[in-house]
2 protein chains.
Amino acid sequence: MNLQSPESLPPELRHVIIHRELEPKESLFQQGDEAKAFYVVETGRLKLVRYTSDGKEVTFPIARRGEMIAEIALFSDTYPYAVIAEVASRVIIYPKQPILTALRHNSELAEDFMAMLVQKIHDLKIRLELRDIRAAHERVLRYLQYMAQLSEQTTITFDRPLKDIAVDLGLTPETLSRALTRLEREGIITRTRLQIKLQNLSAA
Amino acid sequence: MNLQSPESLPPELRHVIIHRELEPKESLFQQGDEAKAFYVVETGRLKLVRYTSDGKEVTFPIARRGEMIAEIALFSDTYPYAVIAEVASRVIIYPKQPILTALRHNSELAEDFMAMLVQKIHDLKIRLELRDIRAAHERVLRYLQYMAQLSEQTTITFDRPLKDIAVDLGLTPETLSRALTRLEREGIITRTRLQIKLQNLSAA
DNA sequence: CGCATAGTTGACTACGCTCAACCCTGGTGG
DNA sequence: CCACCAGGGTTGAGCGTAGTCAACTATGCG
């Protein structure tokens with residue numbers, strides 16, 4: 001049972017979910033809208049946009065397939081931010097009341113949901129930790145090590161452009177590029193296009 | 001019913017929880033230890049430390065009373081990081097199996113737990129968003145606005161030293177100090193010690 | 001009264017950002 | 001098949017700002 005793959009859900013929940021296709025720039029919901037559902041990304045790439053009281057906006061990327069969007073909706077009346085598709089995307093819609101009811105009555109589902117939340121917390125912490133590493137090349141290296149660890153490989157293949165990785169890391173594409181060439185020059189990684197191989201995981 | 005205040009818990013859960021006092025520098029658990037419990041901070045201040053494969057360490061502050069620690073333990077076999085008390089601290093211990101059982105059988109408790117997790121995700125996202133604001137004074141201002149919004153006040157009183165705030169914001173104390181004096185000089189805030197008042201929430 | 005710690009201020013440095021030019025690749029159309 | 005174009009990636013030069021180090025002040029506690 002898994003909220004990321006609806007076909008595994010129990011029938012009473014499976015038939016209340018809807019899919020929605022979004023075109024580039026189309027918004028899934030606006031900041032302040034009534035919180036009616038939470039979502040899971042099926043395909044595409046979206047971003048979260050928050051408008052602050054002084055009118056500026058802060059954005060936050062939502063990239064990965066299977067990522068939850070607006071889980072806060074379940075425990076809040078309105079959305080505290082807007083979500084906008086960056087490219088054509090497809091999401092699963094879980095309407096608030098039905099999913100809350102299902103979570104209450106189906107402990108297995110609730111457990112899966114909790115595990116997803118916990119995982120997300122872990123991911124966010126990692127990302128925040130990375131930001132505390134000032135030196136770009138070290139931050140990138142730590143990121144690569146983390147990715148390698150996840151996939152249990154020493155070679156990482158990116159499924160999206162480096163400039164997207166850069167914003168995830170809080171760097172500009174230029175700085176990321178320089179950091180990678182530096183790591184390569186120092187013999188810590190080798191790379192071909194979007195493939196990067198870590199050389200010696202043990203050494204400093 | 002609330003995991004942050006044990007007296008509100010049902011008896012079957014209340015009598016399995018334990019409290020633990022930690023002295024400064026004492027560790028709650030080590031990275032790689034078997035995940036036996038998750039925790040909630042009652043008093044004090046702790047930090048999370050992760051040792052990377054190349055021996056360096058990355059830390060992460062855990063400050064607030066009521067904050068959960070190691071919720072990942074519930075869905076993982078080992079702790080992926082260590083937690084160490086920075087000052088004398090006291091935590092509630094929720095042993096893994098009993099709490100998992102309670103969450104399965106008590107949907108109200110599960111809902112409270114999910115709400116806590118969702119809230120934590122929200123907090124982490126906000127913190128991550130703040131890091132994307134490069135200019136120190138703007139980052140600080142955004143942080144102050146966010147704090148003010150939470151407490152629905154225009155005056156913020158800090159319960160911990162500014163240098164702790166600084167690390168939360170990813171700044172050095174010196175830079176935070178300069179940012180605050182700048183905001184004050186520009187008439188955006190006024191302050192006395194650890195009290196800060198936002199002047200005009202509307203203007204840029 | 002003195003000590004420890006927090007906070008402030010100053011001078012200098014370093015590193016990431018910005019802007020700009022250029023290369024390379026892949027896709028499209030004549 | 002080549003010409004063109006668009007986007008990603010790389011490289012370079014210069015700048016700005018946060019970090020670092022150090023000295024000093026303020027505050028609170030024994």
Side-chain angles (χ1 to χ4, degrees), chain A residues 24-25 44-45 56 58-59 61 63 86-88 127-128 130-144 156-186 189-197, chain B residues 24-25 44-45 47 56 58-59 61 63 85-88 127-128 130-144 156-186 189-197:
Chain A
K25 311 252 179 194
R45 192 173 68 243
K56 291 188 184 163
V58 189
T59 70
E86 294 198 300
V87 300
R127 288 173 66 169
L128 213 32
L130 284 175
R131 296 301 183 97
D132 283 330
I133 302 170
R134 315 258 173 223
H137 66 282
E138 285 181 22
R139 189 188 301 175
V140 171
L141 177 56
R142 215 58 70 79
Y143 172 76
L144 293 173
I156 302 130
T157 307
F158 294 115
D159 56 350
R160 55 201 178 117
L162 287 182
K163 75 187 189 75
D164 286 9
I165 312 284
V167 321
D168 264 25
L169 287 169
L171 298 172
T172 59
E174 293 95 324
T175 304
L176 174 58
S177 172
R178 285 186 244 264
L180 287 172
T181 57
R182 171 166 174 179
L183 290 173
E184 198 170 19
R185 181 160 37 85
E186 289 175 354
I189 62 169
T190 54
R191 60 176 172 147
T192 55
R193 318 221 175 202
L194 292 179
Q195 282 218 352
I196 294 181
K197 181 167 166 50
Chain B
K25 311 252 178 195
R45 191 172 70 242
K47 70 175 175 188
K56 291 187 183 163
V58 188
T59 70
E86 293 197 300
V87 300
R127 289 173 65 171
L128 212 32
L130 284 174
R131 297 301 183 95
D132 283 330
I133 302 171
R134 314 255 173 228
H137 65 281
E138 284 182 23
R139 189 188 302 175
V140 171
L141 176 57
R142 214 58 69 80
Y143 172 76
L144 293 173
I156 301 131
T157 308
F158 293 115
D159 56 349
R160 56 199 177 120
L162 287 182
K163 74 188 188 77
D164 287 9
I165 311 282
V167 321
D168 263 26
L169 287 169
L171 298 172
T172 59
E174 293 95 323
T175 303
L176 174 58
S177 172
R178 284 186 244 265
L180 287 172
T181 56
R182 171 166 176 179
L183 290 173
E184 198 170 18
R185 180 163 37 86
E186 291 176 352
I189 62 169
T190 54
R191 62 175 172 148
T192 55
R193 319 221 175 202
L194 292 178
Q195 282 217 353
I196 294 180
K197 181 167 166 53

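In the text below, chain A, chain B and the rest are named by the order of the sequence lines, each starting its count at 1.
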Side-chain atoms of residues 136-144 of chain B: list all donor-acceptor pairs with protein atoms under 3.5 Å, sequence neighbours left out, distances to 0.1 Å.
unit_1   : atom_1 : unit_2   : atom_2 : d
B/His137 : ND1    : B/Arg182 : NH1    : 3.3
B/His137 : NE2    : B/Arg182 : NH2    : 3.4
B/Arg139 : NE     : B/Leu130 : O      : 3.4
B/Arg139 : NE     : B/Ile133 : O      : 2.9
B/Arg139 : NH1    : B/Leu169 : O      : 2.6
B/Arg139 : NH1    : B/Gly170 : O      : 3.4
B/Arg139 : NH2    : B/Ile133 : O      : 3.0

Name each donor-acceptor pair under 3.5 Å that joins a side chain in residues 158-167 of chain B to protein atoms two or more places apart or in another chain, with its distance.
unit_1   : atom_1 : unit_2   : atom_2 : d
B/Arg160 : NH2    : B/Asp168 : OD2    : 2.9
B/Asp164 : OD2    : B/Arg45  : NE     : 3.4
B/Asp164 : OD2    : B/Arg45  : NH1    : 3.3

With the criterion being N/O to N/O and under 3.5 Å, what pairs connect the protein with nucleotides 23-25 of chain C, and how long is each?
none

Under-3.5 Å N/O pairs linking protein and nucleotides 11-18 of chain C:
unit_1 : atom_1 : unit_2   : atom_2 : d
C/dA11 : N6     : B/Arg178 : NH2    : 3.4
C/dG16 : OP1    : A/Arg134 : O      : 3.1
C/dG16 : OP1    : A/Ala136 : N      : 2.6
C/dC17 : OP1    : B/Arg134 : NH1    : 3.2
C/dC17 : OP1    : B/Arg134 : NH2    : 3.4
C/dC17 : OP2    : A/Thr172 : N      : 3.4
C/dC17 : OP2    : A/Thr172 : OG1    : 3.1
C/dC17 : OP2    : A/Thr175 : OG1    : 2.5
C/dT18 : O4     : A/Arg178 : NH2    : 3.2

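Phosphate contact (OP1/OP2 of C/dT8, side-chain N/O of B/Arg182, threshold under 4.0 Å): absent.
Scanning residues 159-168 of chain A for heavy-atom distances under 4.0 Å to DNA chain C yields an empty list.
Separation of atoms CZ (A/Arg191) and CD (A/Glu184) is listed at 5.0 Å; rounding is to 0.5 Å. A/Ile156 CD1 to A/Leu194 CG: the interatomic distance, rounded to the nearest 0.5 Å, is 12.0 Å. The structure places NZ of B/Lys197 at 11.5 Å from CD1 of B/Ile189, a figure rounded to the nearest 0.5 Å.
A/Glu174 is linked by a salt bridge (Lys or Arg N to Asp or Glu O under 4.0 Å) to nothing, counting only residues two or more places apart in sequence or in another chain. In this structure, B/Ser177 has no side-chain hydrogen bond (donor to acceptor under 3.5 Å, both in side chains) partners at least two apart in sequence or on a different chain. Every residue was checked against the side-chain hydrogen bond (donor to acceptor under 3.5 Å, both in side chains) condition with B/Thr59, not counting sequence neighbours, and none meets it. By the side-chain hydrogen bond (donor to acceptor under 3.5 Å, both in side chains) test, B/Thr181 pairs with no residue at all, sequence neighbours left out.
Relative to the axis of its first five pairs, the axis of the last five pairs of the helix from C/dC1-D/dG30 to C/dG30-D/dC1 sits at 40°, rounded to 10 degrees.
When heavy atoms are screened at a 4.0 angstrom cut-off, B/Arg185 is found touching no nucleic acid atom at all.
B/Asp132 has its side chain within reach of A/Arg131: a pair of non-hydrogen atoms, C-beta onward, lies under 4.5 Å apart.
The footprint of chain B on DNA chain D, defined by a heavy-atom cutoff below 4.0 Å, extends from D/dA18 to D/dG28.
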